[in-house]
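The structure appears right after this line, and notes come after that.
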Amino acid sequence: MIIAANLKTNLTRKQTTEYLNTLEGLIQTSKSTQEVLVFPATSSLIPHAGHIIVGAQNAYPAVNGAFTGEIGAEHLAEFGITTILIGHSERRHVLGESQEELVKKFNFYKELGFKIVYCVGEPLSLREAGEEAMMEYIDAQYEGIDLSYENLIIAYEPVWAIGTGLTPTLQDIEELHAKLKEKCSAPLLYGGSVKVANAKEVMALKSVDGVLVGGAALNVNDFNAMINIAQELEKK
Ligand code: 13P
């Protein structure tokens with residue numbers, strides 16, 4: 001399974017270094033074979049060798065240039081980063097990134113062979129608007145994205161479940177994931193208020209290939225506990 005931590009705008013470089021070192025130690029002890037991804041804040045990126053794959057939460061679709069406040073591919077290369085998160089709901093809804101911009105980012109980093117975790121998910125108003133409107137909204141987030149890209153991972157994160165403690169029912173997750181699996185055979189993660197207490201039931205769902213964890217991943221022991229839960233589930 002794929003267990004990913006989106007650290008968002010948390011943990012300084014010093015804290016992130018400690019986090020990664022602690023987690024590497026825990027993984028070494030547990031001998032976990034799960035795929036573990038950690039996305040630190042941009043200024044906390046560090047070169048990292050080990051079991052954990054460190055990825056970028058965002059970058060501009062250019063090697064370098066006049067894009068004030070952004071970083072480009074050459075800045076990621078400095079840290080050996082070849083994994084990126086694209087389309088996170090906070091980038092879509094808080095930072096206002098359009099589907100067109102996300103497609104540009106996707107294509108640029110795809111050309112460079114990056115592992116891309118591409119996020120989709122609906123706001124509450126769309127969920128409440130009914131199945132058809134909700135699926136139309138989610139379908140639009142797939143527009144322009146090469147779903148056959150071999151280094152693609154999809155993360156379904158309902159916007160209303162992010163950081164709220166709310167989650168869809170297990171049946172809702174399973175049904176929606178089954179639909180998304182029909183569109184694309186890439187590994188499919190669930191994200192939105194995943195924590196130690198619910199990680200097992202979510203990851204046990206047939207169409208869930210892993211989780212993308214925000215708040216609950218900030219505690220390295222909790223994140224490690226979720227990695228261990230994935231390992232246990234795979235043994236069965
Ligand atoms: P929370 O786990 O804090 O709900 O965040 C989910 C998320 O946005 C991961 O990308």
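Just so it is clear, the values below take in all heavy atoms, side chains as well, and ignore hydrogens, waters and symmetry mates. Counting starts at 1 for both ligands and their atoms, in listed order.
- In this structure, Asp222 does not pair ionically with Lys195, as no charged nitrogen and carboxylate oxygen lie closer than 4.0 Å.
- Remark: side-chain polar atoms of Asp209 are paired, donor with acceptor, to backbone N or O of Leu188 under 3.5 angstrom.
- Residues His48 and Glu24 bring a donor and an acceptor atom of their side chains to less than 3.5 Å of each other.
- Atoms of ligand 1 lying under 4.0 Å from at least one heavy atom of Ala161, given by number and element, are 4 (O).
- Every atom of ligand 1 with a heavy atom of Ser193 under 4.0 Å away is listed here by number and element: 1 (P), 2 (O), 4 (O).
- Counting side-chain heavy-atom gaps under 4.5 Å among Ile, Leu, Val, Met, Phe, Trp and Tyr, the cluster of Leu212 also holds Ile2, Leu37, Phe39, Ile53, Leu85, Val117, Ile153, Leu189.
- Residue Asn6 touches ligand 1 through its side chain alone, judged by heavy-atom distances below 4.0 Å.
- Residue contact check for ligand 1: Gly191 places no non-hydrogen atom closer than 4.0 Å to it.
- For Glu90, no nitrogen or oxygen atom sits less than 3.5 Å from a nitrogen or oxygen atom of ligand 1, counting backbone and side chain alike.
- Polar contact check, Gly163 against ligand 1: a nitrogen or oxygen pair lies under 3.5 Å apart.
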#### Entry: Candidate pair Ile229 and Met203, rule side-chain contact (heavy atoms from CB on, under 4.5 Å), full reasoning
CA-CA 8 Å; Ile229 289 168; Met203 289 194 278; 3.7 Å; yes
### Task
Check the pair Lys179 / Lys183 against side-chain contact (heavy atoms from CB on, under 4.5 Å), numbers first and verdict last.
CA-CA 7 Å; Lys179 280 195 196 116; Lys183 295 163 78 69; over 6 Å; no
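- Looking at ligand 1, you'll find an N or O of Gly214 within less than 3.5 Å of one of its N or O atoms.
- Inclusion of Gly215 in the set of residues having an N or O under 3.5 Å from an N or O of ligand 1 is warranted.
- Residues Tyr156 and Glu122 have side chains that bring a donor and an acceptor to within less than 3.5 angstrom of each other.
- Residue Lys8 places at least one N or O, backbone or side chain, under 3.5 Å from an N or O of ligand 1.
- Here the heavy atom of the protein found nearest to atom 6 (C) of ligand 1 is Glu157 OE2, 3.6 Å.
- Ligand-side atoms of ligand 1 in range of Leu212: 9 (C), 10 (O), range being under 4.0 angstrom from any heavy atom.
- The aromatic rings of Phe106 and Tyr118 sit perpendicular, their planes meeting at an angle over 60°, well past the 30° parallel limit.
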